[in-house]
**Q** 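So that we are looking at the same thing, I have put the structure below in structure tokens.
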Amino acid sequence: QWYAAHGTAEFSNVKVSDVVMQSDDTMIGNVTMDFLISSSNASKTYHIGYQMTLINDGGKWKIAGFGIDNDLNPANKQ
């Protein structure tokens, strides 16, 4: 879905959960958030969920991959 120009784009309710260390250098976890887009005509909130895989690269944690799973966000179950 494509959007016209909008006045507001903001994240809220950002949560990290179910983090599991797989090794000293890898971990997985879930991240959920709400993303609001609005203009003078309309607004919409998207309830987003990701499962992320992170890797420790020289002491810095980096996202190695992620999958979109919006069912992780409890707001989608209301």
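Please read these numbers as outputs of a predicted model, since none were measured by experiment. Note that the numbering runs from 1 along the sequence shown for the chain.
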**Q** With distance as the sole test, does N56 use its side chain to make a donor-acceptor pair with the main-chain N or O of G59 at under 3.5 Å?
**A**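 Confirmed, N56 side chain pairs with G59 backbone.
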
**Q** Would you mind reporting whether N73 and D34 have side-chain heavy atoms less than 4.5 Å apart?
**A**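 Counting from C-beta outward, D34 and N73 do come under 4.5 Å.
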
**Q** So, taking the atom named NZ in K15 and the one named CG in L72, what distance separates them when rounded to the nearest 0.5 Å?
**A**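 Answer for the NZ-CG pair, K15 versus L72, is 13.0 Å.
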
**Q** V14 and I28: same hydrophobic cluster, using ILVMFWY side-chain contacts below 4.5 Å?
**A**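 No, separate clusters.
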
**Q** Distance from N30 atom CG to Y50 atom OH, nearest 0.5 Å?
**A**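 Spacing of CG (N30) from OH (Y50) equals 13.0 Å.
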
**Q** Under 4.5 Å between side-chain heavy atoms, hopping through other hydrophobics if needed: is there a path connecting V19 to I55?
**A**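 In one cluster with V19: I55, no.
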
**Q** Among side-chain atoms of N76 and H47, is any donor-acceptor pair under 3.5 angstrom?
**A**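 Side-chain D/A pair, N76 to H47: absent.
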
**Q** For residues F66 and V20: do they belong to one hydrophobic cluster (side chain heavy atoms under 4.5 Å, members Ile, Leu, Val, Met, Phe, Trp, Tyr)?
**A**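 The answer is no; the residues belong to distinct hydrophobic clusters.
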
**Q** Quick check for you: to the nearest 0.5 Å, what is the distance between K44 atom NZ and L36 atom CG?
**A**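 If I round to the nearest 0.5 Å, the distance is 11.0 Å.
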
**Q** Would a hydrophobic clustering, with Ile, Leu, Val, Met, Phe, Trp and Tyr connected at side-chain separations under 4.5 Å, put I48 with V31?
**A**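 Yes.
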
**Q** Could you report the tightest heavy-atom contact between M21 and D24, atom names first, then the distance?
**A**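 Scanning both residues completely, I find the closest heavy atoms to be CE-O, 4.3 Å.
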
**Q** Kindly indicate whether the side chain of S43, heavy atoms from C-beta on, has any atom under 4.5 Å from the side chain of I37.
**A**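 No; the side chains remain at least 4.5 Å from each other.
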
**Q** Using the rule that Ile, Leu, Val, Met, Phe, Trp and Tyr join whenever any side-chain heavy atoms are under 4.5 Å apart, tell me whether I68 and Y46 fall into a single cluster.
**A**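 They do share one cluster, since a chain of ILVMFWY contacts under 4.5 Å joins I68 to Y46.
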
**Q** Flag the pair I63 / M52 as yes when at least one side-chain heavy-atom distance between them is below 4.5 Å, and no otherwise.
**A**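 The answer is yes, as the side chains (C-beta and beyond) meet within the 4.5 Å cut-off.
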
**Q** Check the pair M27 / Q22 against side-chain contact (heavy atoms from CB on, under 4.5 Å), numbers first and verdict last.
**A** CA-CA 5 Å; M27 71 172 102; Q22 298 174 308; 5.6 Å; no

